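Quick caveat, the model's predicted, so the values are computed rather than measured.
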Amino acid sequence: MKIFTRFLFVLILLLLLATSDHASRDEARRIRFQIATVEERAGARDVISEAIVEGPPGTDFTIDLQGSRFKMNARFMTNLVSADRLKVRARLNTRRLYGLSERDLPLYEEDSQKQAIDLGFDEAIVLLPFGRNGGDKLKIEITPAISDQPVFIASGEQAPLAIKILKQSPGGAISIQASKIPHNFEVEAVLTEDDREAARGSANFLIEEAQELMLAPTSGASSQVAANPLAIKLSINEYARTRPADLVGISFDLSVFDSQSGARRETIASGWAGSATLGDDLVYDISDHYLKSSGKQYKLRIRIKPARGEILQ
């Protein structure tokens, strides 16, 4: 009787979890970004272009602005961090004609900016691509909102991204593209000592955001490894959809820490990189960099896969 009761409890729990997951998928709503390009002259406001980008949470978009005297590329990576807040990572590159040299050659001023912004759906992002000096200002205003459209359609697939042009810029000087790629990944790093596992660590990583992961010595680690814990500072720099196998590119540094104080002792490798299929191993022989005097062989194995909840399309 006890066995039957326990089985029934587990069955009910699984049904509740499945129902909860189905409900959350049905209730998930898309995110809408209203993007307006505005020119202000002598206090007058002129909306040059206006568009709406709509897609599931994690939708990214790029704004290209091209004129006879200037050029701008603004890329936005977005993540829903709570029910009412977004994290937006913006990368802005601008180029503007500054004047002419003594030989009548064009001179350009260039600028590159990166910024992470945490905002709610009652807030907006305002970009001033060419600064706030002077009387005339060019602004790009981005206003996020929760859409009334569901993320998933009746078939269970994600609804496609949508871009609606409400007002086209004169001469097509402004263009907008949108995309959806995985942003969250699970990184697992394993250190082997003469082909025996000696340390490991795992954590969730956000694409294009460096994070440090400490490898904890395992029960099979030697005293040397235990006294010299290893940490990897890694960034997932790119994701490439190359079906049937998708690829990720990474870069990383390796550091050795003091096991007693926890302080960083030295960086033993810097600027290493590689690419691999999701779920496959990247293997590096670090014997010449880590505990070289021991005469043992040390290898670092890195495996990257989508984090739980990420959907690959």
Side chain proximity check, L282 to R303, heavy atoms < 4.5 angstrom: no
Main-chain N/O of V283 paired with D281 side-chain donor or acceptor, under 3.5 Å: no
R200 (side chain) donor-acceptor with A189 (main chain) under 3.5 angstrom: no
Stepwise salt bridge (Lys or Arg N to Asp or Glu O under 4.0 Å) check, E197 with K299: CA-CA 9 Å; E197 184 175 308; K299 290 183 180 179; over 6 Å; no
Under 3.5 Å: donor-acceptor pair, side chain of K167, backbone of V47: yes
Distance-only polar pair, side chains of S255 and T267, donor-acceptor under 3.5 Å: yes
Heavy-atom side-chain contact between L138 and L127 under 4.5 Å: no
Side-chain donor/acceptor of S169 to backbone N/O of A173, under 3.5 Å: yes
Aromatic plane relationship, F33 with F61 - under 30° parallel, 30 to 60° tilted, over 60° perpendicular: tilted
Salt bridge (Lys or Arg N to Asp or Glu O under 4.0 Å) assessment of R91 paired with E208: CA-CA 11 Å; R91 178 180 295 173; E208 293 191 17; 3.4 Å; yes
hydrophobic_cluster_shared for F121 and V88, side chain cutoff 4.5 Å: yes
Side chains of H289 and W272 in contact at under 4.5 Å (non-hydrogen atoms): yes
D285 side-chain N/O to S287 backbone N/O, donor-acceptor pair under 3.5 Å: yes
Under 3.5 Å: donor-acceptor pair, side chain of N73, backbone of L65: no
Pairwise side-chain contact, L234 with L213, heavy-atom cut-off 4.5 Å (strictly under): no
Sidechain-backbone polar pair: E310 side chain, H183 backbone, donor-acceptor under 3.5 Å: yes
Check: D111 side chain, N93 main-chain N or O, donor-acceptor pair, under 3.5 Å: no
Residues forming a side-chain contact (heavy atoms from CB on, under 4.5 Å) with A240, sequence neighbours excluded: T242, L247
N/O donor-acceptor pair under 3.5 Å between T59 side chain and K180 backbone: no
Closest non-hydrogen atom pair, E212 against F257: OE1-CZ, 3.7 Å
I174 vs Q168 side-chain heavy atoms within contact, under 4.5 Å: no
Those residues that, when tested against Y290, pass ring-ring contact (aromatic ring centres under 6.0 Å, His included) (two or more places apart): Y298
Donor-acceptor contact present, side-chain Y284 to main-chain A273, <3.5 Å: yes
Min side-chain heavy-atom separation E50-Q34 under 4.5 Å: yes
Path from F205 to I207 over hydrophobic side-chain contacts below 4.5 Å: yes
Among K71, R75, Q177, side-chain contact (heavy atoms from CB on, under 4.5 Å) partner for D64: Q177
Hydrophobic cluster membership, I35 vs L161, 4.5 Å side-chain cutoff: no
